[in-house]
Participant: 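One structure follows; several queries about it will come next.
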Amino acid sequence: MLPLIVFAVGIVFYNYKQDRSDATRRVLENVRSMRLVLDSEVQRMTGGLQVLALTNSLRNDDFQNFRRIALGFLDQYGKGGLVLISDRKGRLLFSSATEDIASLPPRGHLEIIERVFATRSPQYSDLFTGAINGRQVLTVEVPVFRDGEVIYDLCFSPPISIFQELVEKQRPDRLWTVTLLDTKGIVFARAPNPSETFGKRASPSLYAEMFRRSEASLPTVSLDGIALAAAYTRSRLTGWTIAAGVDESSLIAPLWRNIAITSLIGGILLLTGLTFAVRMATTIARGEMLHNLLIDELNHRVKNTLALMQAIAVQTFRSASRDERMKFEGRLGALAEAHNLLSQEKWAGSELREVIARALQPFLMNSPDRIRMAGPAVPLSPRLAVVLSMIVHEIATNAAKYGALSNESGRVTLDWEIIADAPKPRLRLIWTEIGGPPVTAPVQRGFGSRLIERSARDQLGGEATVDFLPRGVVCTVVCTLDEAR
């Protein structure tokens with residue numbers, strides 16, 4: 001009896017370690033998802049500012065007319081937001097707070113203004129005391145161009161409450177601590193106890209680690225003195241850090257309860273399992289053999305069908321242009337790769353990252369680092385794997401012809417996350433291009449664009465949107481997940 005008890009307790013400890021490992025992984029996946037949400041919100045602010053920077057009233061120094069446009073921009077963020085325009089030396093030329101610019105002090109935090117003029121790109125500040133309102137603020141700042149030269153710094157100071165609301169929404173439950181920190185490790189949003197920790201430096205263990213690596217999991221002690229199983233990740237867009245952790249006690253408490261339960265039922269389950277082991281093994285082996293036979297037959301039929309489709313296409317496109325043939329063969333190849341992957345997995349579904357990697361493989365042969373992928377592990381059913389493979393192939397093809405993959409300097413970021421605010425979880429993929437040729441919206445949609453939209457709507461029960469932003473195309477696909485079979 002003693003060996004059985006030892007065995008049962010060993011299983012409990014093993015399960016505890018597995019649960020703890022799973023919890024640590026979930027924490028890291030959560031902070032990555034939070035980073036995506038934070039970056040999306042900041043990108044929305046940045047895009048809005050870049051649109052403001054292109055208005056004729058601002059370029060023509062018509063600040064009176066620009067005030068009306070700026071106030072309309074601020075309305076979407078509620079009270080507390082502020083828009084400023086300053087020159088290279090920090091002299092204020094416009095403030096959404098008042099028309100009396102002469103009475104206002106010069107801009108604070110001149111370093112970020114210098115970076116805007118030097119880099120000619122958007123910049124994101126750390127927490128600092130604003131010269132106008134005297135409050136702790138963060139800013140998003142973009143350059144204003146005229147004839148190819150930076151003439152002004154357009155600054156937006158969003159209400160800090162936006163980031164606090166974001167933290168509250170992303171916090172899984174009350175056992176979690178979620179914190180947003182600037183590049184210097186200063187807290188600007190947190191749950192719980194936001195007012196007591198705002199403006200404070202991160203806890204010593206987290207502070208020491210966050211400057212060594214951009215992402216990690218670690219045990220730490222919160223500013224409230226609570227031991228946490230924590231993780232953090234740094235945003236490449238802003239340099240800000242998202243940290244989250246779950247109370248260690250919530251992980252340890254089930255251990256001793258499980259020891260007692262497992263010790264009691266472990267012996268019964270073991271004896272019962274031994275009794276039926278031979279019968280179950282025989283049944284499983286027979287079922288596995290039948291399953292493999294059906295899978296082999298399905299693969300044979302799919303390959304025959306694809307070969308027939310290719311033969312028909314060769315005859316059909318005999319008089320068509322080379323570009324048309326390549327488009328069709330590319331789509332057929334993407335479909336074949338998806339089926340190959342499912343065949344390897346015996347049609348039990350596949351993992352999203354592998355599906356995307358297969359679809360993007362032709363575009364990564366020369367420069368494998370041009371496309372960065374980030375997101376949690378997502379199992380897909382065979383249906384979703386095939387449709388998403390086709391959609392990603394179409395998006396990448398458009399990028400290779402017209403977008404960021406059509407030159408030597410363009411880059412693509414492909415992020416995804418799980419949205420769990422509906423009866424069924426949903427998947428959101430965000431394809432973001434930078435560094436490509438100047439973006440102009442097409443006059444009419446091609447077949448590829450219609451294929452993406454209709455596939456997302458009709459086959460995935462979701463939607464696909466394409467935004468032609470000045471810095472590059474952003475394509476978002478949202479679909480409902482079903483269980484991988």
Side-chain angles (χ1 to χ4, degrees), residues 21-22 25-26 28-30 32-33 35-36 215 233 288 291-292 294-296 298-300 302-303 305-306 329-400 404-405 411-420 424-433 451-452 455-456 459-462 464 475-485:
S21 176
D22 292 343
R25 187 179 67 254
R26 288 197 303 273
L28 184 57
E29 290 175 352
N30 269 309
R32 287 172 177 168
S33 176
R35 183 200 65 206
L36 289 176
E215 180 179 276
T233 185
E288 182 70 16
H291 176 74
N292 290 338
L294 292 174
I295 290 295
D296 290 341
L298 176 61
N299 290 337
H300 177 70
V302 168
K303 288 179 179 179
T305 301
L306 290 176
E329 290 175 359
R331 289 164 182 152
L332 192 60
L335 186 61
E337 280 297 324
H339 281 88
N340 285 339
L341 177 60
L342 291 172
S343 296
Q344 292 177 9
E345 301 297 331
K346 297 185 178 180
W347 285 84
S350 52
E351 210 277 320
L352 174 61
R353 182 180 294 273
E354 180 65 20
V355 171
I356 292 175
R358 288 285 188 114
L360 296 180
Q361 186 175 6
F363 305 92
L364 297 176
M365 291 182 177
N366 296 326
S367 300
D369 297 331
R370 296 187 67 180
I371 301 180
R372 182 185 65 82
M373 295 182 289
V378 182
L380 299 178
S381 66
R383 180 181 66 88
L384 285 179
V386 172
V387 179
L388 285 175
S389 178
M390 294 293 293
I391 289 177
V392 171
H393 172 79
E394 288 299 325
I395 297 173
T397 300
N398 289 337
L405 300 181
R411 295 290 184 271
V412 173
T413 300
L414 181 55
D415 295 312
W416 62 86
E417 61 177 331
I418 301 299
I419 308 171
K424 282 190 174 182
R426 293 179 295 162
L427 171 68
R428 176 161 58 202
L429 293 94
I430 304 174
W431 173 284
T432 305
E433 300 181 20
L451 174 63
I452 293 171
S455 297
Q459 300 184 51
L460 301 181
C475 182
T476 304
V477 178
V478 179
C479 65
T480 301
L481 292 173
D482 48 24
E483 295 183 0
R485 299 180 184 275

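Positions are given from 1 along the sequence. None of the values given here were measured: they were computed from a predicted structure.
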Participant: For A456 versus V477, what's the shortest heavy-atom pair and its separation?
Facilitator: CB-CG1, 4.5 Å
Participant: Hey, could you give me the OG/CD distance between S389 and E354, rounded to the nearest 0.5 Å?
Facilitator: 10.5 Å
Participant: Please report the closest heavy-atom contact between I452 and A464, naming both atoms and the distance.
Facilitator: CG2-CB, 3.8 Å
Participant: Is there a donor-acceptor pair under 3.5 Å between the side chain of T397 and the backbone N or O of H393?
Facilitator: yes
Participant: Indicate yes or no: at least one non-hydrogen side-chain atom of L481 is less than 4.5 angstrom from one of L380.
Facilitator: yes
Participant: Could you work out, with side-chain contact (heavy atoms from CB on, under 4.5 Å) as the rule, every residue matching A374, not counting sequence neighbours?
Facilitator: R35, R372, D415
Participant: The criterion is side-chain hydrogen bond (donor to acceptor under 3.5 Å, both in side chains); which residues satisfy it with R428, sequence neighbours excluded?
Facilitator: E417
Participant: Does some side-chain heavy atom of L414 sit less than 4.5 Å from a side-chain heavy atom of L360?
Facilitator: yes
Participant: Before giving the answer on side chain to side chain contact (heavy atoms under 4.5 Å, CB included), spell out for L460 and L388 the whole-Å C-alpha distance, their side-chain angles and the decisive distance to 0.1 Å.
Facilitator: CA-CA 9 Å; L460 301 181; L388 285 175; 3.8 Å; yes
Participant: Once side-chain hydrogen bond (donor to acceptor under 3.5 Å, both in side chains) is applied, do any residues pair with Q459, and if so which ones, sequence neighbours excluded?
Facilitator: none
Participant: Check side-chain contact (heavy atoms from CB on, under 4.5 Å) between R426 and all other residues, then give those that pass, not counting sequence neighbours.
Facilitator: I419, D421, A422, V478, T480
Participant: Nearest 0.5 Å, please: how far is CZ in R353 from CH2 in W416?
Facilitator: 4.0 Å
Participant: Applying side-chain contact (heavy atoms from CB on, under 4.5 Å), can you list everything that pairs with V412, at least two apart in sequence or on another chain?
Facilitator: I371, A404, L405, W431, E433
Participant: Testing I391, I356, T476 one by one against L429 for a side-chain contact (heavy atoms from CB on, under 4.5 Å), which residue passes?
Facilitator: I356
